[in-house]
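For reference, the structure discussed in these notes is given below.
Side-chain atoms are counted along with the backbone in the values below, which use heavy atoms only and exclude waters and symmetry mates.
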Amino acid sequence: MFTRPVLSSAFRQAARPVPRVASKFSFPRISPISIRFLSDETRQAIDKAVSSAPVVLFMKGTPETPQCGFSRASIQILGLQGVDPAKFTAFNVLEDEDLRQGIKEYSEWPTIPQLYVEKEFVGGCDILVAMHQNGELAKMLEEKKVLVPAEGEAPKSES
């Protein structure tokens, strides 16, 4: 009789997930096993998409007609920041199921929208909101020279 409650108690403790504390440094991870399911063709298509403009947003819908609140918020933040439309492109993941699933594996980030700046994954809507609020996003976009030049200011040539 003594061993049964002890074993069942030990089993319950072992079966309980360990609580994780989220921080800005913890990122959801997809296991290496699931990454191998991303086909070479899809990976190359995503590489090409990420390289297609300095600022790339994978979203649900289009910038003109976002299909989810998080995609809408991401577009609004980029607009408030003053991202140059000539240096921006968006991809509607609802048009292509391979892209929709593949981008999650590609970035190892489970949600959409996803923002890339200069081929570097920045994050999803929650990260954009936090970076917008603390000023990190404005600083990064300015450093990457992807903002619309201020009136009277000539576009700076990259030398």
Side-chain angles (χ1 to χ4, degrees), residues 15 17-150 155-159:
V18 176
R20 292 183 63 194
V21 178
S23 77
K24 72 178 199 176
F25 300 109
S26 64
F27 297 100
R29 290 288 186 202
I30 296 173
S31 74
I33 293 169
S34 65
I35 291 173
R36 70 185 175 133
F37 294 121
L38 184 60
S39 72
D40 289 339
E41 182 181 321
T42 302
R43 183 174 299 283
Q44 289 170 357
I46 293 171
D47 281 337
K48 185 177 179 183
V50 167
S51 302
S52 66
V55 180
V56 178
L57 183 68
F58 293 91
M59 63 182 291
K60 293 179 181 175
T62 64
E64 298 78 23
T65 55
Q67 297 296 308
C68 88
F70 298 111
S71 292
R72 179 181 311 280
S74 298
I75 287 294
Q76 288 175 336
I77 288 170
L78 294 175
L80 287 170
Q81 292 290 332
V83 171
D84 187 343
K87 296 181 179 182
F88 170 79
T89 193
F91 291 91
N92 182 359
V93 300
L94 298 177
E95 293 177 347
D96 185 344
E97 187 60 31
D98 287 339
L99 175 61
R100 185 176 185 172
Q101 294 308 317
I103 193 64
K104 295 174 186 180
E105 294 174 24
Y106 183 87
S107 63
E108 297 181 8
W109 192 261
T111 60
I112 294 167
Q114 294 185 8
L115 180 70
Y116 288 78
V117 177
E118 301 264 325
K119 303 177 193 171
E120 183 179 329
F121 177 65
V122 175
C125 184
D126 53 343
I127 303 297
L128 284 181
V129 168
M131 290 178 73
H132 172 68
Q133 290 173 339
N134 69 20
E136 289 177 31
L137 186 59
K139 182 179 177 186
M140 179 188 66
L141 295 172
E142 188 174 341
E143 287 172 358
K144 302 288 186 177
K145 298 178 176 51
V146 295
L147 301 176
V148 173
K156 298 175 183 172
S157 61
E158 296 179 30
S159 20

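- Here the CD-CD distance, from Glu143 to Glu118, works out to 11.0 Å after rounding to the nearest 0.5 Å.
- His132 NE2 to Leu141 CG: the interatomic distance, rounded to the nearest 0.5 Å, is 11.0 Å.
- The backbone N or O of Trp109 lies less than 3.5 Å from a partner atom in the side chain of Gln114, making a donor-acceptor pair.
- When all heavy atoms of Met59 and Thr62 are compared, the closest pair comes out as CE-O, 3.3 Å.
- Of all the heavy atoms in Val122 and Met131, the pair that sits closest is CG1-SD, 3.7 Å.
- The shortest distance between side-chain heavy atoms of Ile75 and Phe88 falls below 4.5 Å.
- Interatomic distance, CD1 of Ile77 versus CZ of Arg72, reported as 13.0 Å (0.5 Å rounding).
- In this structure, Ile112 and Arg100 approach most closely via the heavy-atom pair CD1-O, 3.7 Å.
- The structure places CZ of Phe58 at 10.5 Å from CZ of Phe121, a figure rounded to the nearest 0.5 Å.
- Panel note: side chain Asp84, backbone Val148; no donor-acceptor pair is recorded below 3.5 Å.
- Closest approach of Leu94 and Asn92 over heavy atoms only: N-OD1, 2.9 Å.
- The distance from the CE atom of Met140 to the CG atom of Leu115 is 6.0 Å, given to the nearest 0.5 Å.
- The environment of Glu97 atom CD is dense: over 12 non-hydrogen atoms of other residues, nucleotides or ligands sit within 6.0 angstrom.
- No donor-acceptor contact under 3.5 angstrom links the side chains of Ser71 and Ser74, judged on distance only.
- At least one side-chain heavy atom of Ile46 sits under 4.5 Å from a side-chain heavy atom of Leu99.
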(message) The test is side chain to side chain contact (heavy atoms under 4.5 Å, CB included); show your working for Glu120 and Val117 and say whether it passes.
(response) CA-CA 5 Å; Glu120 183 179 329; Val117 177; 5.8 Å; no
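- At distances below 3.5 Å, not a single donor-acceptor pair connects side-chain atoms of Lys60 with backbone N or O atoms of Phe70.
- Considering all non-hydrogen atoms of both residues, Leu147 and Gln81 come closest at CD2-O, 3.3 Å.
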Sequence neighbours left out, cut at 3.5 Å: what donor-acceptor pairs do the side chains of residues 47-57 make with other protein atoms?
unit_1	atom_1	unit_2	atom_2	d
Asp47	OD1	Tyr106	OH	2.4
Ser51	OG	Asp47	O	2.9
Ser52	OG	Ala49	O	2.6

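- Listed here is the closest heavy atom pair of Gln67 and Thr65: NE2-O, 3.2 Å.
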